[in-house]
Amino acid sequence: MSQRTTRLRSTSAARFAACAALAASLALAAVAPAAAATGPAAGGVSSETARHTASGGRTVALTFDDGPGPATPLVLDLLAQYGAKATFCVVGDRVTADPAAVRRIVAEGHRLCDHSVDHPQPFAQLTPDEVYYQITAARDMILQAAGPGTPISWFRAPGGQFNAVDRRMAADLGLRPLGWAVDPRDWSLPGTDKIIQSVQTRLHPGDVVLLHDGGGDRSQTVEALKVLLPWLLAEGYAFDFPEV
């Protein structure tokens with residue numbers, strides 16, 4: 001047997017062993033008790049879905065999904081006007097299309113969240129290999145745009161469609177699964193007034209709020225922010241990031 005054949009067989013065996021180990025760990029997570037499925041991962045990151053702020057108290061964490069998009073600069077302008085900070089859950093292929101927007105997000109003191117490569121739904125029905133690709137490839141795209149070492153602390157599944165295996169995988173990759181406590185469904189274009197009313201009536205101190213700056217027409221969201229940002233300040237809220 002040639003040395004080249006031996007090396008090929010050795011490499012193939014190593015890859016098979018790695019894939020088998022991953023499959024076994026994912027299978028174990030799928031059947032583990034709920035407490036184990038939401039506990040800290042090996043690196044200390046919790047796999048429990050984050051729905052509240054890091055600091056607690058009278059704080060709010062604004063999160064914007066599906067960008068960057070045409071509305072992203074408008075959202076950033078408003079956040080700067082009111083001294084607000086937010087978390088942007090960005091989609092990999094949109095990051096690649098507009099890396100300058102991602103760099104601006106970081107430069108202005110906001111945080112980034114991995115929101116998959118191309119927003120596949122229903123996300124919970126993807127295979128473990130597909131989930132792994134969606135998380136890791138998107139993270140690589142974000143780092144390519146924002147620069148090596150840029151903090152990415154969360155992963156938000158498209159549509160918030162997590163299952164126990166997805167949450168555990170995100171945590172094992174160092175990303176806290178990110179959900180929300182308040183969803184005004186701005187993506188459905190319910191009208192500016194309804195977006196405002198939904199946030200104002202449902203918000204409690206320490207909540208994560210879901211909004212969108214990409215994925216479609218976000219003019220209603222932008223108009224709602226013109227009311228919500230000064231209202232939050234008047235109500236004594238401080239802007240925070242989600243728990244990690």
Side-chain angles (χ1 to χ4, degrees), residues 53-55 58-116 119 138 141-147 150-154 156 158 178 180-203 205 207-242:
T53 63
S55 302
R58 200 164 184 79
T59 59
V60 61
L62 301 179
T63 63
F64 294 91
D65 278 19
D66 298 352
T72 303
L74 303 177
V75 170
L76 289 169
D77 288 346
L78 286 167
L79 294 174
Q81 180 181 342
Y82 291 99
K85 299 303 178 187
T87 301
F88 287 79
C89 300
V90 293
V91 177
D93 57 6
R94 295 168 196 169
V95 166
T96 301
D98 191 1
V102 178
R103 290 193 289 270
R104 181 182 171 189
I105 289 169
V106 174
E108 296 186 5
H110 307 291
R111 301 281 178 87
L112 294 173
C113 166
D114 183 329
H115 196 39
S116 81
H119 209 275
M141 292 172 178
I142 296 167
L143 292 173
Q144 180 69 28
T150 300
I152 306 169
S153 300
W154 306 272
R156 176 176 276 165
L178 180 57
W180 56 81
V182 178
D183 176 12
R185 296 176 62 84
D186 62 323
W187 56 269
S188 67
L189 304 178
T192 298
D193 290 343
K194 287 191 176 181
I195 296 171
I196 295 168
Q197 180 184 32
S198 180
V199 173
Q200 290 180 338
T201 57
R202 298 180 186 179
L203 181 67
D207 280 349
V208 172
V209 178
L210 171 65
L211 295 163
H212 294 76
D213 65 317
D217 177 8
R218 300 301 169 225
S219 57
Q220 292 180 6
T221 303
V222 171
E223 291 303 309
L225 284 172
K226 294 177 182 179
V227 174
L228 288 171
L229 289 171
W231 175 81
L232 287 166
L233 291 173
E235 291 293 314
Y237 279 92
F239 298 99
D240 198 7
F241 300 109

For [Y], is there any backbone N or O sitting under 3.5 Å from a side-chain donor or acceptor partner on [X]?
{"X": "Arg218", "Y": "Gly214", "answer": "yes"}
{"X": "Thr192", "Y": "Ala224", "answer": "no"}
{"X": "Asp207", "Y": "Val209", "answer": "no"}
{"X": "Arg94", "Y": "Asp66", "answer": "yes"}
{"X": "Asp186", "Y": "His212", "answer": "yes"}
{"X": "Ser198", "Y": "Ile195", "answer": "no"}
{"X": "Gln220", "Y": "Gly191", "answer": "yes"}
{"X": "Asp240", "Y": "Ser55", "answer": "yes"}
{"X": "His110", "Y": "Ala86", "answer": "yes"}

Which pair of heavy atoms, one from [X] and one from [Y], lies closest together, and at what distance?
{"X": "Ile152", "Y": "Asp114", "answer": "CG2-N, 3.8 Å"}
{"X": "Val95", "Y": "Pro68", "answer": "N-CD, 3.8 Å"}
{"X": "Phe239", "Y": "Gly83", "answer": "CD1-O, 4.2 Å"}
{"X": "Tyr82", "Y": "Leu233", "answer": "O-CD1, 3.7 Å"}
{"X": "Pro190", "Y": "Lys194", "answer": "O-CD, 3.4 Å"}

Between OH of Tyr237 and CH2 of Trp231, what distance do you get to the nearest 0.5 Å?
->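 Tyr237 OH to Trp231 CH2: 5.5 Å, rounded to 0.5 Å.
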Output the distance between atom CG (Leu210) and atom OG1 (Thr87), rounded to the nearest 0.5 Å.
->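 The OG1 atom of Thr87 is 12.0 Å from CG of Leu210, to the nearest 0.5 Å.
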Applying the side-chain contact (heavy atoms from CB on, under 4.5 Å) test to Phe64, which of Val75, Ile105, Val90 qualifies?
->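 Option passing the side-chain contact (heavy atoms from CB on, under 4.5 Å) with Phe64: Val75.
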Among Leu74, Asp77, Leu78, whose side-chain contact (heavy atoms from CB on, under 4.5 Å) with Leu225 holds?
->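 With Leu225 as partner, Leu74, Asp77, Leu78 yield a single side-chain contact (heavy atoms from CB on, under 4.5 Å), made by Leu78.
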Does a side-chain N-to-carboxylate-O contact under 4.0 Å join Asp65 and Arg156?
->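 Salt bridge: yes.
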Hey, does Phe241 have a side-chain heavy atom less than 4.5 Å from the side chain of Lys85?
->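 Sidechains of Phe241 and Lys85: in contact.
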